[in-house]
Amino acid sequence: MDRKKILGFEFTGKDGEFKLQQPDHSSFLYFPLVNEGGMMSTVTPKFHGQATTGHNTFLTPPLSVEDLHNSRASRNFWVYVEGKGAWSAAGNSAKQNAAFYTPSADDAVLEAGFLWHRVTRSNSEMGVKAEITSFVPSGNDKVELMKVTLTNTGTEELTLTPTAVVPLYARSADDLRDHRHVTSLLNRIYTSPYGVEVQPALSFDERGHRINHTSYGVFGAEGDGSQPVGFFPIQEEFIGEGGSLDWPEAVILNTTPEIGKGGGVDREGYEAVGGLRFAPITLSPGENHSYVVVMAIDSDRINVEAMMGKYGTSEAFDHLLEETKAFWADKVNMVEFHTGDSNADQWMKWVTIQPVLRRLYGNSFLPYHDYGRGGRGWRDLWQDCLALLIMEPAEVRSLLFNNYAGVRIDGSNATIIGQQPGEFIADRNNIPRVWMDHGAWPFLTTMLYLDQSGDLDFLLQEQTYFRDTFMSRCKERDTSWDTSAGSDLRTASGEIYKGTILEHILLQNLVPFFNVGEHNNILLEGADWNDGLDMGADRGESVAFTSFYASNLLDISRMLRTLKTSKGQETVELAEEMQLLLDTLNESVDYSSVSGKHERLDRYYAAAPNKVSGVHVSLDIDKVADDLEQKAEWLFDHLRSNEWVQSENGDGWFNGYYNNDGEQVEGEFFEGVRMTLTGQVFPLMGHAAAPEQIPHIIAAVDRNLFDDKIGYRLNSRFGGIQQNLGRAFGFAFGHKENGAMFSHMTIMYGNALYKRGYVKEGHKVLESLYSLSTDFEKARIYPGIPEYINEQGRGMYTYLTGSASWLLLTMVTEVFGVKGKLGDLLLEPKLVKEQFDSEGKASIKTIFADREFEVVYKATGSFNYGEYQIYSVTLNGGEVTLQRGSGSVIIPREELLALQTEKLHVIEVTLA
Ligand code: G1P
């Protein structure tokens, strides 16, 4: 076994299945197992990881990535081989770890798919092979299952004594440091015929000391359902004096459990373990035997009989595994890509599932995500909807609608998102903080929804606003407010106030327009997209997001004009106070005057001080659109003339920030170049970058940010810790938000390049993301896109990242060019040569207008983007009504709505 030789994963099936040899030769690998019912597990090649249903209900000890190799508290399955001693089928014993560098080491291979995980481990000296399969059954039970099949691979009979072991931590993550021992005294430990269950008497955590009901259990059976023959429920007794979980006395000395078959003995007040002893078994050469282990969390004592009736046999396990595979395949196959590279197509399936994983895990509960208490932030909420619009479109309208209830009347928003849709919670810690980018994302997502659906009425639907103690974007407090007042904004007369979704959007984009710093860009406030830019709250400005807001203003203005032309909408109804922000309708503000803008904003804050009059005014839609357009144009001019960094090399880029000392952050300085990718992405993605500026930006990015080894860096090396900008610069350069390849920004850069017609350059960005993520020897991650690639090329924070949504969106709407245009279907392929297969075909399966489509592009002449044109289009083999544009065609929605719903429809596009 050559430890140095690292083979990457290899795809083995059509549903994303892959295989990885010697998976335990790479550290930090972990795999998610989860269901919609709230079971959230992680499993590693050696069955480490965790199982939980939330911050306060961990079945196994909560952990961080380092624990994956350093802690011994993991799921395990031991066999005591007569005459040879103990061997861990999970690969986790002191002896096997010590043998790692020697010829006696195990051989292991991992196979995984949606969403199941299997490691087959063998040891020729032991003459035994173990195949362990894990999954969390789809459905609502909070259960993780494991099946272990032991095979005699030798030439002689083997007698084995199996013991399944899972540490039962059974409490809140808070107790890991805070009273870990005292909380073990709360444990009530029950042993039944199938296993061990813990129901702590009380829970001690941030919620206070309360009666606890949640129960945690580890149960097991032989494949045919036979019960274990004994139990080890107490951890210290199982490991023995001087022992440990990777060399436990009960296994090493093959001791007889004190609690025999049938259980029935209860214990209390110790750290628990689900230790299940099975009957010794003799296997002839080639013979095998299986065991099922069930890990469960329930809201009260577990009905063990029922649970084991449902899960406790090999047959049930195999059946549920197939069901679970089918459940996930259905989800993932909502979108399918076929290109010239089938590995890339399989890899995209793993990207496709990532937004769903983020919906289920939030930003917590995977080993790198060792923070938070579940739930997502405001920004992530909106961006995850981008992918859900493609994968779970039916649910998105109400999601978006509910999310708008989080907007405050000052254009900021609630930051703590409750469990229920549309539930926003006042910040318990009372930290006054506004992320200045938050107002920009909702319109972007809503625009995508409107384009996909044509549902312009959505804009006119009324929704409430959020209110808490913070007002004037956290600069003031409403002392009259307390939690009993509720978090709905009210009118002067105490009624709950509602305004249209359009009104919410306008507020989110108009307030920032006036909220500028000394260089007349929008203030950075608590931070922007880059959470790490959190030390510029007084004088910092985000020029990057000024571009984003400016583009929004123009797009909202255009949308208002569409509302008029397509729906005959002549007026917009708005809270009367908002007229102050639509200044050109009454009393214009001089936009070049920072103090003029502040004065106006203060007047608005004073007019709507955490309450509104409740009076709506009806404004001429054209005039409102004009106002927005003027604001946008003013900003574009300002950005292009004042924020352009002209390089000595002839190219140039946009300065993205001012720091807390009011200094321009980016430029070519004596100490070196300071440049951010963020500063370029938003001018490019919207309208702020003038067409002639684009090639210069691309050249500057390539020169200053592109690194052959790790791709497009988020920023160049600034040096120093930048206390006037943010904590990100405390991170070592090349890591996370300081100069790593941060996938989210990189993919948005790619998306922006496609949008602006720079297809070759956009493709280079996507290629770079793909090859970095799949270069296993360096990245050491399973298929999927990581949050970032660090200085050494390692993929970090796997699975939960907003970049997956953006990559999926970019592939569907830009690369394959399948997108909505106010409800109609626009086809505008931007495929490059390598994306066509050998027959000149590239296709995508996706949902549009509630129907499933396969769009097949067939290149009959050149495969090069720019050299082909859409020649003809057929729908299910027949003619279809078309409007032609340059490089695109539009199929009207009515044509599509006339099609059956339960069928796959084929659109064939010939390119010539
Ligand atoms: C994470 C956060 C995201 C934030 C980004 C940069 O990115 O989830 O909200 O904007 O860091 O600080 P993600 O995990 O989505 O890649």
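We number each residue from 1, following the sequence as shown. Every value quoted in this text rests on a predicted model; they were computed, and no experiment measured them. As the structure lists them, so they are numbered: ligands from 1, and atoms in each ligand from 1.
Using the six-membered ring where Trp is involved, Y658 and H519 have ring planes that are parallel, under 30° apart on the 30 and 60° scheme.
Geometrically, ligand 1 and T801 share a nitrogen or oxygen pair separated by less than 3.5 Å.
When the options R674, R727, M535 are evaluated for a side chain to side chain contact (heavy atoms under 4.5 Å, CB included) with Q722, the one that passes is R674.
Judged purely by distance below 3.5 Å, without hydrogens or angles, the side chains of T798 and Y782 never pair a donor atom with an acceptor atom.
Remark: ligand 1 atoms within the under-4.0 Å shell around heavy atoms of L800 are 14 (O). Near G802, meaning under 4.0 Å from one of its heavy atoms, ligand 1 places the atoms 13 (P), 15 (O), 16 (O). Near E737, the atoms of ligand 1 lying under 4.0 angstrom from a non-hydrogen atom of the residue are 6 (C), 11 (O), 12 (O). For ligand 1, the atoms closer than 4.0 angstrom to any heavy atom of R358 are 8 (O), 13 (P), 14 (O), 15 (O).
Proximity of the aromatic rings of W350 and F114 is defined here by a centroid distance below 6.0 angstrom, and this criterion is met. Ring to ring, F28 and H69 are close: their centroids are under 6.0 angstrom apart.
Of the protein's heavy atoms, E787 OE2, 3.4 Å lies nearest to atom 1 (C) of ligand 1. Scanning all protein heavy atoms for the shortest distance to atom 11 (O) of ligand 1 gives F742 CZ, 3.5 Å.
In this structure, D437 falls outside the shell of residues with a heavy atom less than 4.0 angstrom from ligand 1.
Closest to atom 3 (C) of ligand 1 by heavy atom, among D380, N363, I747, is D380. Of the options W529, W435, Y797, the smallest heavy-atom separation from atom 10 (O) of ligand 1 is shown by W529.
Residues A440 and N509 share a closest heavy-atom pair of CA-OD1, 4.5 Å.
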Go through the steps to decide whether E791 and K709 satisfy the test salt bridge (Lys or Arg N to Asp or Glu O under 4.0 Å), and finish with yes or no. CA-CA 8 Å; E791 196 51 28; K709 288 198 286 300; over 6 Å; no
